[in-house]
Number of protein chains: 2
Amino acid sequence: MNEEQWLEELLKFNGEDGKLSEKQMKILEAAIEMFAEKGYAATSTSEIAKRAGVAEGTIFRHYKTKKELLLAIVTPTLLQSVAPFLAKEFAKEVFEHQYEHYEDFVRTVWKNRYEFVKKYLPAIRVFWQEVAFHAEIKKQLETVFTAHVYEKFKKIVLYFQEKGEIADFPVESVIRLTITTIAGFFATRFIIMPDYDWDDEAEMERTIQFLMNGLRKKEA
Amino acid sequence: MNEEQWLEELLKFNGEDGKLSEKQMKILEAAIEMFAEKGYAATSTSEIAKRAGVAEGTIFRHYKTKKELLLAIVTPTLLQSVAPFLAKEFAKEVFEHQYEHYEDFVRTVWKNRYEFVKKYLPAIRVFWQEVAFHAEIKKQLETVFTAHVYEKFKKIVLYFQEKGEIADFPVESVIRLTITTIAGFFATRFIIMPDYDWDDEAEMERTIQFLMNGLRKKEA
DNA sequence: TTTAAAAATGAGTGAGTACTCACTTAAAAA
DNA sequence: TTTTTAAGTGAGTACTCACTCATTTTTAAA
């Protein structure tokens, strides 16, 4: 997969469905790289222009402000991050026994998101670094999470709790522990210790084993 | 505990053991608040001076550069964050059966760090927000972690693994899963969803139960 | 080939930026 | 009381910032 493709794939949620010009893609590429490295506030538009090989004015032809450029990166990244939960068939698949156990569901999400994080790491970095500073981004995250992720996740958890497969913690706690465990691996693996000699398959097995034992329903 | 005290307590690791002048403390307070809110790069020294009620020049009398001011906040915060592991008696306590089970150890760390996070949240925010952008901070974190936290944590885990209390995962994995689970709660509780109606005691109980079941050694 | 529209340019702009320095004020030492 | 030292000041400095706009270049239509 070449450079143009991954960017267009990431951005396919960005509203403007038309193709991006070559210069526009160079701008986005450069901005993602530099925002990820130095942060949004510490990156100047002139630096972005230089790295992208365009004039500074060209940036402002496509994005009215620097912040609009940030949002053009961050919004599609958020939507792609939760993409599995946005699919209409998603929750249905669970109830039609696509996944016999909660573990099957966790494994599917894990593998799917593992590929995603690997591919779009810089854009994901930008998202999480800047969500702390920009109210618009935080609001987007909250909206997307409550409207899509939480609702569907809840149904899935309730389903497996009724089957007696996982502990009778409050659904919110089960969701939190599941996400925390998976995201905790990704954060350690890709952000905190990316240079450590990871055995990804083995670590996934251990982590999922840990998660399932932690959530397993105990006999009364 | 009044404002002066908490700041001085946080900073008691900062090398200069002498007391801070009133204006100096106002500067640090203002800087912590504003760095936490808007980020280091987006906060100007003139704004800090205004909020602290001092002249801009006063900041640069105490800190040669803006970055030195950041490090004066971030370094003591890192050291306080891992304070329990810095105590000489710490590992010894474990082997002299201060903690009969791994769970006792986890509970002690949890409660201790819970109070800490609650008290110094803004400074902790600054640390984690800026560690991504400043190589010096990242290096400090690595040094402190490998020299103090990892070494002692490892001994504790090995001890309870030999007792057959926790699973024979690699020590690194046990440490990662433990930290991830505890830090995952703190991050959700204080950063991601601070306004949610938390029952901290109950959530701690569930999380520790989850962690211990996840790590428990299975019969062969 | 001419003309019109769109895209790209980069020098220019005013509002900041981190930091300096000659100076004043306050406290401590002599 | 006089002198020394330190803390605090704020206007000034060189420079960078996001953003603009008159002009040129490229593309497409006629």
Side-chain angles (χ1 to χ4, degrees), chain A residues 4 7-8 11 14 16-35 37-74 126 130 133-137, chain B residues 4 7-8 11 14-35 37-74 126 130 133-134 136-137:
Chain A
E4 286 84 37
L7 233 182
E8 289 195 347
L11 299 181
N14 71 347
E16 29 167 338
D17 35 19
K19 290 241 169 190
L20 298 154
S21 75
E22 202 179 315
K23 304 228 166 191
Q24 203 167 350
M25 282 201 328
K26 286 277 181 197
I27 290 168
L28 285 167
E29 258 180 70
I32 290 173
E33 281 172 29
M34 306 198 68
F35 288 166
E37 262 175 49
K38 329 194 327 170
Y40 169 78
T43 304
S44 69
T45 50
S46 72
E47 286 176 293
I48 296 170
K50 195 182 279 179
R51 162 113 46 140
V54 303
E56 203 174 346
T58 308
I59 294 175
F60 290 96
R61 166 154 316 275
H62 293 289
Y63 307 97
K64 279 200 284 288
T65 62
K66 189 188 169 192
K67 188 156 220 164
E68 203 174 88
L69 170 60
L70 173 67
L71 292 176
I73 292 164
V74 140
V126 174
E130 299 306 328
F133 304 134
H134 307 269
E136 317 89 305
I137 303 181
Chain B
E4 286 83 36
L7 231 182
E8 288 195 347
L11 300 180
N14 72 345
E16 28 168 338
D17 35 19
K19 290 242 171 189
L20 299 154
S21 77
E22 202 180 313
K23 304 227 165 191
Q24 202 167 352
M25 282 200 327
K26 285 277 180 198
I27 290 168
L28 284 167
E29 256 180 72
I32 290 172
E33 280 172 30
M34 306 198 67
F35 288 166
E37 262 174 49
K38 328 195 327 169
Y40 168 78
T43 304
S44 70
T45 49
S46 73
E47 286 175 292
I48 296 169
K50 196 182 279 179
R51 162 112 47 139
V54 303
E56 202 174 347
T58 308
I59 293 175
F60 290 96
R61 169 151 316 276
H62 293 290
Y63 307 97
K64 279 201 283 289
T65 62
K66 188 187 166 191
K67 188 157 218 163
E68 203 173 87
L69 170 60
L70 173 66
L71 292 175
I73 291 165
V74 141
V126 174
E130 299 306 326
F133 303 133
H134 308 270
E136 318 91 303
I137 303 181

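Letters go in sequence order (proteins before strands), and every chain restarts at 1.
- Atoms NZ (Lys26(B)) and C1' (dA7(D)) sit 17 Å apart, rounded to a whole Å.
- In this entry the distance linking OH of Tyr40(B) with C1' of dT17(C) reads 12 Å, nearest Å.
- The side chain of Arg61(A) lies closest to dT9(C), out of dC19(D), dA18(C), dT9(C).
- Which of dA18(D), dA18(C), dG10(C) sits closest to the side chain of Ala55(A) comes down to dG10(C).
- Rounded to whole Å, atom P of dT20(C) lies 15 Å from atom NZ of Lys66(B).
- One atom, CD of Glu56(A), and another, C1' of dT16(D), lie 11 Å apart when rounded to the nearest Å.
- Contact annotation for Ser44(B): backbone-only contact, meaning every heavy-atom pair under 4.0 Å involves sugar-phosphate atoms and none involves a base.
- Taking atom NZ of Lys50(A) as the reference point, atom P of dA18(D) lies 13 Å away to the nearest angstrom.
- At distances below 3.5 Å, not a single donor-acceptor pair connects side-chain atoms of Gln24(A) with backbone N or O atoms of Leu20(A).
- Listed nucleotides dA18(D), dA8(C), dC19(C) differ in distance to Thr65(B); the shortest reach to its side chain belongs to dC19(C).
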Check against side chain to side chain donor-acceptor pair (under 3.5 Å), Ser46(A) and Glu56(A) | CA-CA 6 Å; Ser46(A) 72; Glu56(A) 203 174 346; 4.9 Å; no
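- Put simply, the side chain of Tyr40(A) gets close to the backbone of Lys67(A): a donor and an acceptor are under 3.5 Å apart.
- Close to dG8(D), at under 4.0 Å from its OP1 or OP2, lies no side-chain N or O of Lys23(B).
- Take the nearest nucleotide of DNA chain D for Lys64(A) and for Ser46(A): the residue whose nucleotide is more 5' is Ser46(A).
- In this structure the side chain of Leu70(A) reaches within 4.5 angstrom of the side chain of Ile137(A), judged on heavy atoms.
- Projected onto DNA chain C by closest heavy-atom contact, Ile59(A) and Ala41(B) fall at different nucleotides, the more 5' of which corresponds to Ile59(A).
- The phosphate of dA7(D) (OP1 or OP2) has no side-chain N or O of Thr58(B) nearer than 4.0 angstrom.
- Proximity of Leu28(B) to Leu69(B): side-chain heavy atoms (C-beta onward) are separated by under 4.5 Å at one or more points.
- With rounding to whole Å, Phe60(B) atom CZ is found 13 Å from dT13(D) atom C1'.
- Summarising the geometry, the separation between CG on Leu20(A) and P on dA8(C) is reported as 12 Å, rounded to the nearest angstrom.
- Distance, Tyr63(A) OH to dT20(D) P: 16 Å, rounded to whole Å.
- Within the structure, every side-chain polar atom (N or O) of His62(B) is placed at least 4.0 Å from both OP1 and OP2 of dA6(D).
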